[in-house]
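Let me begin by presenting the structure, written as structure tokens, before commenting on it.
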Amino acid sequence: MLTGRESLIRLIGKSRRFLPNRDSLLSSPIQSSFNLCSDKNGAANSTPSPMVTCPVCAINVPGDDSVINSHLDACLSRGTKRKLSQRTLLQFNFSAQSKVHIQCNETDLSRTDVVCESPGEILPQNAFCGSLDYVLVEENDINHCDGSHLNFKSVKKTNIGGSTETPINHQRIHCQNHVSSSSLNSEVPKLDVDVNIDDISGATLQTFIVGRRFSDEKGIIFGAHITLLREPNNVKDPNAIKVLSVDSGCCKALGYLPRELSQYLSPLIEKFCLDFEGYVTLASKNSLDVVPITITCNKVISNGGKDDDIEVFKFLWKKALHVAEFSKNYPSNMLKYQHNFNLLIQEVLRSTPHLFTDDENIFMESFSALSGDSQRLFVRLYTRKGPWFRLSNISYSEVLNLQEAIKELSGNGFLCLLEDANELHDDIKEICNLLTVSELREILSVFQKRQSSNHGSRKHDLIASLLCSYEDGLCQRLPSMVLDKTGICIRISSKAESFIWRAERLFFLNGDQDLSAFLLVDLGIVKYPIYNCIISKQIFSNRSDLLAYEEAIELAQIMDQSLDENNIELVLRCIMIADSQISSTCWEAAEPTTSELATPFYSCFSASWVFSKVVLLGISFLERERRYKDAVNLLKRLLISFICDGRRGYWTLRLSIDLEHLSCPNESLSVAEEGLLDPWVRAGSRMALQRRVLRLGKPPRRWKTPSFSESIQRNIIEVHIQGRPLNSETGMKSRFYGEDGEQCGVEQLALQFFAGEGGGWRGVHTESGIWLTIFGLLMWDILFSDVPDVFRSRFQTAPLDLATDSFYVVRKNLIESQLQKIHDGMAEEIIVTSWESHMGTACKGVNWDRHSLSELRAAVACIGGPCLASLCRHLAQDYGSWSSGMPDLLLWRFHEEYRGEAKLVEVKGPRDRLSEQQRAWLLLLMDCGFNVEVCKVSPAAPTSM
């Protein structure tokens, strides 16, 4: 895969169905200083290659080896990294384990506080942070959570310099709850019940036990007898009703009734003295699952029989029946995605109103006014691939009236309907994709007499044949025939898709996360750390910055799609557009503003940063095509435009290499020497440039030996071992037979050697994994400490500035204090405490499954405090440069009960060699006092018979 391609794919994230700026981007004149398309010096070959079908995605691509390999790399990369979609997750039978409770922060108005869930808890491990001035607390039940509205205070935020900004917002925003009572009238059929107080005795309701995390009994058996107990002093819900087991004899708590039902039953229990008993109707498989129950009203004591009281009683009882009937058909976990979507939209509108026009705000806010059916249908369709859907194939159990929902969504501009074949011309390819193979063959059979019958057997071949005939004018009736087969089709409108995409981007601030992040939390699959969101400034100060950023993301998507399709002309145009955009803002990018200096990690949310990613991928493309002159020009542009960027090391290295390809050794040497004076050239790139200077700077070009020559030419201890090879093919990872006769890689073979005749070492093959895990656990409290603007949502696994210089600078006192503790031998204690406190919580770099606590304790004990503190300091100062390339093996052995030693080993197979980043790590570890080696594995010589 081209360098920078994977990074660009992560930046793009979920591909947009509609690119509103595509035409203007590609048609506008390019103000580039050079024309890639007209360059004759190494221009790409425009002769079309034979087309072949990709076995992964079934797209036709040119048959050049480089094109096929790049395309397969991209397909396989996307396939292995594809996340579970919202729709896929909803089909699984997971238990709902969490929910978000939003509460106004009355005390500290400059930060967000995490509130306890239950008495006796100071901070719940899986409480979420909020943003701005509200608090998010994780709940396991809908009984404790009052999520019917979000309360916001008028808050003045203090920035780093001490000045104050105008209040970000002053409003009370109402969110439609996923099963709130306000929506029941429109979503649940009316129950025409003539309520009589005397007839209530013996009436039954079917509902659920929720909040099982607060249960005293983990397992509940079928038929278990229960009773209800009011809990008016519940700090989260004064209407709470606890469910107790009566079989145990000591009334153990099993959980709570759903909040929506409790708000009506609690006044009935208190005012009219209703008493309920019941039994469990279905045993749960998981200790945290909701448990179905049936409750029966045993007695009713009326309060004087006043007419007003009777009317109140009838109202409350009818509402209770409505809620029970609704929740029986649609349990709360089925509707969570609707609530999550509303929460996302309302939070984005509340926190960034300046990024939307009045019309856009009105359009987005109108979503919460839609019926529950319309909301649920829209979210379902938005999370599917699309863009078009056959109306006949749409059916969701939680959407009660599909036709009315479609009508409402269409009338409010959220959906587009296709009913007329005359409107099909622009989308005919997408609509054809909705047809089955048999339907496509039926349409093709109409034209069999006029065409060859050899259409292929795969769906995309049949569609291609149909479209070819349609374009040639041989089947003008194709649109009407296709629409006759599909029936009415619908899709998300481009306006709605554009706004929702923007809302997701503003909420998550990346392309990796989407609505499924909410669901992963609700299902208990992912647990995010506790931290405070302290917001002092906006990422996008104005709407124009956001629109420019979105336009850059669009260009990145076009670039990625063009590489997939091997559209060289469009690839080159994307490169020139990105270059012209960078060059037009060259001076702005070269001189960072005061705001950028205060929050340098915000630079990755600028259009120029995205364009630089497109240009870097373009440079890799041009280098593959051997167009080194063009690559050199683009690299010089990047180095001029971005003077404070951690990528300058790689750019400088590539510039020096490409100049050597152009037979310019003197200029290549000068670039390498100048790069070593650049403070942003670090780690492996710096090592590579130093080695280039030594190689190119020999007499007569340079007579003086550089001062760093002895340092980088130090000898690293090498160990040579032999093994019985399984394969010897070039380009394939070397495989050997291990000492136990089983197949293994070179790393496992080396582990076996060091465990035996190599000295009785224990260890793990981990590369960077165990070091980042150790760093994350040792620095946990510092990673999630209170620093302004580094946490913007409750779905972060690390602060935004972790991979920047500001991470160490802002927290220097905290970091140095922690490093001193590590130096003094407290690392093992810190590791144990952090492990026990945060086990399973998502944190960047920390892998809970791959490494056990015993391995981590043994590793830090044998490494020793001074070495470990030095290593952690380098990671804290420059996490971005040093978080990769660490040695393959971490080995340790104990000499006595409390004394041991550690060794780090980089393993290389017969055809491998050290990368510059690996060499830089080994030399750095030697400077830190580590014992390091390079283990070279070679095939054993064949024995003569």
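Just so you know, residue 1 is the first one in the sequence shown, and it goes up from there.
In this structure, Gln748 contributes its side chain and Gly745 its backbone to a donor-acceptor pair below 3.5 Å.
A donor-acceptor pair shorter than 3.5 Å can be found between the side chains of Arg647 and Ser612.
Using a 4.0 Å cut-off between charged nitrogen and carboxylate oxygen, Lys903 and Glu901 do not count as a salt-bridge pair. Salt-bridge formation is not detected for the pair Glu916/Arg686: no Lys NZ or Arg NE/NH1/NH2 atom is positioned less than 4.0 Å from an Asp or Glu carboxylate oxygen. Ion pairing between Lys636 and Glu667 holds under the 4.0 Å rule for side-chain N and carboxylate O.
For the side-chain hydrogen bond (donor to acceptor under 3.5 Å, both in side chains) test, no residue two or more places apart in sequence or in another chain qualifies with Lys844. With sequence neighbours excluded, the residues forming a side-chain hydrogen bond (donor to acceptor under 3.5 Å, both in side chains) with Asp824 are Gln820, listed by chain and number. For Ser620, there are no side-chain hydrogen bond (donor to acceptor under 3.5 Å, both in side chains) partners, not counting sequence neighbours.
For residues 802-815, the pairs satisfying salt bridge (charged side-chain N to carboxylate O under 4.0 Å, His left out) are Arg682-Asp805, Asp801-Arg811, with sequence neighbours left out. Residue pairs meeting the ring-ring contact (aromatic ring centres under 6.0 Å, His included) criterion with at least one partner in residues 673-698, sequence neighbours excluded, are absent. Here salt bridge (charged side-chain N to carboxylate O under 4.0 Å, His left out) pairs that include residues 850-859, with residues two or more places apart or in two chains, are Glu828-Arg857.
In terms of heavy atoms, Cys744 sits closest to Tyr737 at SG-C, 4.3 Å.
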